[in-house]
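Reading through the structure tokens given below for one structure.
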There are 2 protein chains.
Amino acid sequence: MALVPPFPDRADDTATVSSVVELLEVLWGGGREMDARPVSVSQLRVLYVLAESGGINLRTLTGALDSSPSSVSRLCDRLEAAGLVQRTASTTSRRELELHLTPTGLAFLADLRSARERALAEVLDDMSPAERGALLTGLNAFRTAAARRAEAGADVVPVARTA
Amino acid sequence: MALVPPFPDRADDTATVSSVVELLEVLWGGGREMDARPVSVSQLRVLYVLAESGGINLRTLTGALDSSPSSVSRLCDRLEAAGLVQRTASTTSRRELELHLTPTGLAFLADLRSARERALAEVLDDMSPAERGALLTGLNAFRTAAARRAEAGADVVPVARTA
DNA sequence: TATTGTTATACTCTATAACTATA
DNA sequence: TATAGTTATAGAGTATAACAATA
């Protein structure tokens with residue numbers, strides 16, 4: 001059973017958000033999704049990107065994941081072996097690739113999203129309608145603000161201090 | 001620069017939450033915090049637990065992380081080598097350990113939390129007071145409901161489908 | 001004998017650097 | 001030559017299984 005971090009001592013806005021972030025980090029930050037489960041978090045990130053922008057080359061995917069070409073190449077090796085992703089020769093350049101989700105990959109992503117939404121629905125059902133409404137209003141606004149800053153190139157949530 | 005997933009097609013509550021989860025996953029799901037940064041996500045989870053419950057043994061820590069003893073033992077090897085965690089002989093049983101954050105480990109965690117809260121504050125500043133209030137009300141309620149379910153042993157957010 | 005912690009082995013993920021092929 | 005992609009190598013994380021020491 002996962003540990004649940006404590007409520008923040010201060011009635012501070014940022015501390016509240018931070019504590020929820022830490023809650024989620026502990027709850028599904030474990031690496032055991034490599035175990036009985038078919039797809040790791042890293043592979044999942046690839047699927048997210050390809051679902052949104054199919055047909056991109058490896059270099060573009062590398063940029064979207066903020067990773068390195070070799071790592072992404074190996075990720076694609078395994079995803080291709082798993083039948084979730086397909087490497088196709090580019091029509092414009094013979095040294096580039098086109099990366100696509102296979103129908104299996106698309107179905108997998110759809111199933112995963114369903115499962116997550118089902119699990120989230122259980123939590124949301126434990127909240128009052130007013131609380132739920134506040135959460136959704138707040139999250140949508142947060143999402144808009146975070147996306148705005150991410151597009152500007154800012155680090156929205158640093159994982160560790162720089163010094 | 002990180003990719004930003006699209007807004008959900010449906011005006012569905014769970015899809016909204018799910019899309020925020022995916023946003024965060026892409027934004028700070030990258031593994032490059034192993035690079036120039038001092039502590040990995042896995043190590044960070046250890047610090048969270050030890051900050052909350054210092055003096056526990058390796059078995060208890062393993063349970064809190066929902067991991068395996070060997071993985072946690074190796075994690076502690078590196079955290080001890082980094083000077084963030086300390087293994088001490090238990091006072092009650094000679095085959096058990098007591099795990100503690102060192103002063104360095106505690107200071108590190110405090111600094112990290114400050115940095116995160118500073119970054120989050122930038123996003124929150126981009127939101128209206130009403131939106132911010134809604135977010136905090138909603139997150140606190142979500143947190144309570146999620147903790148309730150986590151304590152009951154439920155998987156709050158499955159990473160991949162079971163089938 | 002059962003439990004705590006560590007080590008042996010094997011896999012995924014990550015990165016830098018070297019390499020092949022194309023532009 | 002510069003770029004796209006792959007492979008070589010090395011380090012960290014994860015897990016199962018075998019092991020030592022203790023209860």
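Here the structure is a predicted model, which means the values were calculated and not measured. Below, chains carry the letters A, B, ... as their sequence lines are ordered, and counting in each starts from 1.
Side-chain contact check for Leu50(B) versus Ile56(B): some heavy-atom pair is nearer than 4.5 Å.
For the side-chain contact (heavy atoms from CB on, under 4.5 Å) test, residues two or more places apart in sequence or in another chain that qualify with Leu75(B) are Ser42(B), Gln43(B), Val46(B). With sequence neighbours left out, the salt bridge (charged side-chain N to carboxylate O under 4.0 Å, His left out) criterion links Arg74(A) to Asp77(A). Residues meeting the side-chain contact (heavy atoms from CB on, under 4.5 Å) test with Asp125(B), sequence neighbours left out: none.
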Donor-acceptor pairs under 3.5 angstrom involving side-chain atoms of residues 91-101 of chain B: please list them, not counting sequence neighbours.
{"unit_1": "Thr92(B)", "atom_1": "OG1", "unit_2": "Ser90(B)", "atom_2": "OG", "d": "3.1"}
{"unit_1": "Ser93(B)", "atom_1": "OG", "unit_2": "Arg95(B)", "atom_2": "N", "d": "3.3"}
{"unit_1": "Glu96(B)", "atom_1": "OE1", "unit_2": "Asn57(B)", "atom_2": "ND2", "d": "3.1"}

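For Arg45(A) and dC13(C), the shortest distance from a side-chain N or O to OP1 or OP2 is not below 4.0 Å. Contact annotation: Gln43(A) side-chain N/O to dC13(C) OP1/OP2 distance is under 4.0 Å. Residue Ser67(B) places none of its side-chain N or O atoms closer than 4.0 Å to OP1 or OP2 of dT14(D).
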Atom pairs, protein N/O to nucleotides 21-23 of chain D N/O, distance under 3.5 Å:
{"unit_1": "dT22(D)", "atom_1": "O2", "unit_2": "Arg95(B)", "atom_2": "NH1", "d": "2.6"}
{"unit_1": "dA23(D)", "atom_1": "OP1", "unit_2": "Arg94(B)", "atom_2": "N", "d": "2.8"}
{"unit_1": "dA23(D)", "atom_1": "O4'", "unit_2": "Arg95(B)", "atom_2": "NH1", "d": "3.3"}

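Listed nucleotides dT6(D), dG13(D), dT6(C) differ in distance to Ser40(B); the shortest reach to its side chain belongs to dG13(D). Out of dT16(D), dC13(C), dT14(D), the shortest distance to the side chain of Ser42(B) is found at dT14(D).
Remark: P of dA4(D) and CZ of Arg87(A) are 16 Å apart, rounded to the nearest angstrom. The distance from atom CG of Leu58(A) to atom P of dT20(C) is 19 Å, rounded to the nearest whole Å. Between the CG atom of Asn57(A) and the P atom of dT3(D) there is a distance of 14 Å, given to the nearest Å. If you take CD1 of Ile56(A) and C1' of dG5(D), they are 14 Å apart, rounded to a whole angstrom. What separates CZ of Arg59(A) from P of dA2(D) is a distance of 15 Å, to the nearest Å. Per the geometry, CD belonging to Glu96(B) stands 12 Å off P belonging to dT6(C), to the nearest Å. In this structure, Asp66(B) places its CG atom 18 Å from P of dG13(D), rounding to the nearest Å.
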Between Ser70(B) and Ser73(B), is the side chain to side chain donor-acceptor pair (under 3.5 Å) condition met? List the steps. CA-CA 5 Å; Ser70(B) 67; Ser73(B) 184; over 6 Å; no

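In this structure a side-chain-to-backbone donor-acceptor pair under 3.5 Å is present from Glu131(B) to Ser128(B). Using a distance-only test at 3.5 Å, with no hydrogens or angles considered, a donor-acceptor pair links the side chain of Thr137(A) to the main chain of Gly133(A).
Of the residues in residues 70-79 of chain A, those placing a heavy atom less than 4.0 Å from an atom of DNA chain D are Ser70(A), Ser73(A), Arg74(A), in numerical order.
Closest approach of Gly83(B) to Thr102(B), counting heavy atoms only: O-OG1, 2.6 Å.
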